[in-house]
Every structure is written in structure tokens, then in C-alpha cells.
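Both counts, for ligands and for their atoms, begin at 1 and track the order of listing.
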Amino acid sequence: MPTALVAGATGLIGRRLVRLLIESDDYDRVHLLVRRPTGITDDRLVEHAIDFDKLPDAGEDVGSVDHAFCALGTTIRTAGSREAFRRVDHDYVVAFAKLARDLGAQQFAVVSSLGADPDTRSFYLRVKGETERDLEALGLPRLVILRPSLLTGDRDEFRPGEKVSQLLLGITSPLLVGRLGRIRPVSDEQVARAMLGSVKNEGSAVRVIESEDIRSV
Ligand SMILES: NC(=O)c1ccc[n+]([C@@H]2O[C@H](COP(=O)([O-])OP(=O)(O)OC[C@H]3O[C@@H](n4cnc5c(N)ncnc54)[C@H](OP(=O)(O)O)[C@@H]3O)[C@@H](O)[C@H]2O)c1
């Protein structure tokens, strides 16, 4: 049975993903790289409390892995500055992918964002696009990029902007058909399920899953 490695396990999507990994019975070991405990317990789970600035050194206690999942991310508000945001959403994600590759991961699934584009004027989406570009350059055996629209789910942290967007998109959701379907919100559960499902397929070396396709993975 394969071994999984997860970064971002304490987040909205990551926490869902860990529960699905445990429930699936498809993995005999699930390693989590965290900076605080998840509070989830299971015989197959191994939590590694690490300093994410030293990600390259984190592999020693993990050993080899088959599938790696990245749900790391922050906001500029929480991180405190654009630089601090970029360190998490770009630098840590790329460093985690390098580590996963070096530990033998055959599949790497990462949560990016709707509209990710290295050439856009939006700082957030540009960082997401640069991250995707730099992940592709790593030559991972297989890279799956998920680009969700606004996420729904129970979050401990209060994010006013996210709440307002959820309300607006929630009300207008039935009208979001055709090309507008791509901005319809998706749940943490749907994204986590798509991450898990996507690494079970072989296929192209790089697969990008747009928001409107996440429900059907
Ligand atoms: N929110 C949305 O509507 C939306 C839409 C599209 C895409 N996305 C993207 O989806 C991904 C997952 O989103 P989410 O809402 O599940 O994320 P989240 O709940 O904010 O969780 C993020 C994860 O990253 C970790 N993290 C953040 N800063 C860190 C740091 N400095 N060092 C180490 N770990 C750190 C968190 O650990 P701690 O628990 O220790 O903080 C947590 O495990 C993100 O990349 C996000 O940009 C979000």
C-alpha cells in the first residue's frame, strides 16, 4: 500500500484530506508535516513538527513516499506582508515539492487557485501562477494542479472578505451557469476528494483541474 505525505494538514482542505486518507484504507502510512498538532489521531498517522524554513531537512524522519499532497497557503492579512505571503504560497510549496520528489513521490497534488497566472496584475494570482510554473519546472513524475474558486467549509479563523464573497456567490450560485460556472464556490470536501482521486489516475505528467471540473474528478 502506498505512503502519503501531506503539507497543510491543519488547514480547511488539508484537514478534510487527512480524514479522507484515513477513511480510504488505501494508505498504510500518512506522514504530516505540521507546525502545530492536527488533533487527529490514527495508527497510520505520523505527525512531524517542523520548521518550514528548513523543509529540505524534513525528509530524514519520513523515509520514502508515494503520493504527496500540498494544501499549504495563507493570506496577505494573516502573513503580515506580501513577502511573508509569498514565502508560504510560493517558497514553501516549491520546497515541499522538491522534498517530495527527493523522497520518491510518484504523484504530487497541489491546491492552487482559479485564475492563477504568472503574468497577471493581481499579486495573489501572480504568486499562485509563479508557483505553478516553478512546480512544473521541477520535473516531478506527475503533477496535479487544482484551481478551486472560492472555498466553502467551516473555518476557525474569521475572514471577512471570504465571508462576503461566499454570501454573494452563494445567493447567485443558481445563475452561475455556462462560462460563469467556473466561479461557483466549491467545498473543502470536494477539493479534498478531487486531490485524492486525482493521484489514483496515471495520465499526463501535468494535469490542471479547473474549478468547474473539481466535482467530477
Ligand atoms: N480560501 C479560498 O477561498 C481559496 C480559494 C482558492 C484557492 N485557495 C487556496 O487553497 C489552499 C488551501 O486553502 P485553505 O483555505 O485550506 O488553507 P488554510 O485553511 O488557510 O490552511 C493553510 C495551511 O497552510 C499552513 N500554513 C500557513 N502558513 C504557514 C506557515 N507560515 N508555515 C507553515 N505552515 C503554514 C497552515 O498551518 P497552520 O494551521 O499552522 O497555520 C495550514 O495547514 C491555499 O493555497 C489557498 O490559497 C483558497
On a heavy-atom basis, I'd like to know which of [options] is closest to [atom].
atom	options	value
atom 34 (N) of ligand 1	Leu125, Leu72, Leu114	Leu72
atom 40 (O) of ligand 1	Arg15, Arg16, Arg87, Arg35	Arg35
atom 10 (O) of ligand 1	Asp91, Val111, Asp53	Val111

Thinking salt bridges, do Asp26 and Lys200 make one under a 4.0 Å N-O criterion?
yes
Polar-atom distance check: [X] versus ligand 1, any N or O pair below 3.5 Å?
X	result
Gly73	yes
Tyr92	no
Leu151	yes
Val88	no
Thr74	no
Ser113	no

From the options Val127, Val110, Asp134, select the one residue that forms a side chain to side chain contact (heavy atoms under 4.5 Å, CB included) with Val93.
Val110
Could you check whether Arg142 makes a cation-pi contact with Phe108, meaning its NZ or CZ is under 6.0 Å from the centre of the six-membered ring and within 45° of the ring axis?
no
Protein residue, atom and distance nearest to atom 9 (C) of ligand 1, heavy-atom basis
Ser112 O, 3.6 Å
Closest protein heavy atom to atom 16 (O) of ligand 1, given as residue, atom name and distance to 0.1 Å
Ile13 N, 2.9 Å
For Ala7 and ligand 1, answer yes if some heavy atom of the residue is under 4.0 Å from a ligand atom, otherwise no.
no
Quick note on ligand 1: atoms under 4.0 Å from a heavy atom of Ala71 include exactly 12 (C), 22 (C), 23 (C)
Can you tell me which portion of Lys128 lies within the under-4.0 Å heavy-atom range of ligand 1? Options are side chain, backbone, both, or neither.
side chain
What is the ring orientation for His67 with Tyr27, classed by angle as parallel under 30°, tilted 30 to 60°, or perpendicular over 60°?
perpendicular
Hey, which of Asp28, Thr3, Asp25 is the one that makes side chain to side chain donor-acceptor pair (under 3.5 Å) with Arg44?
Asp25
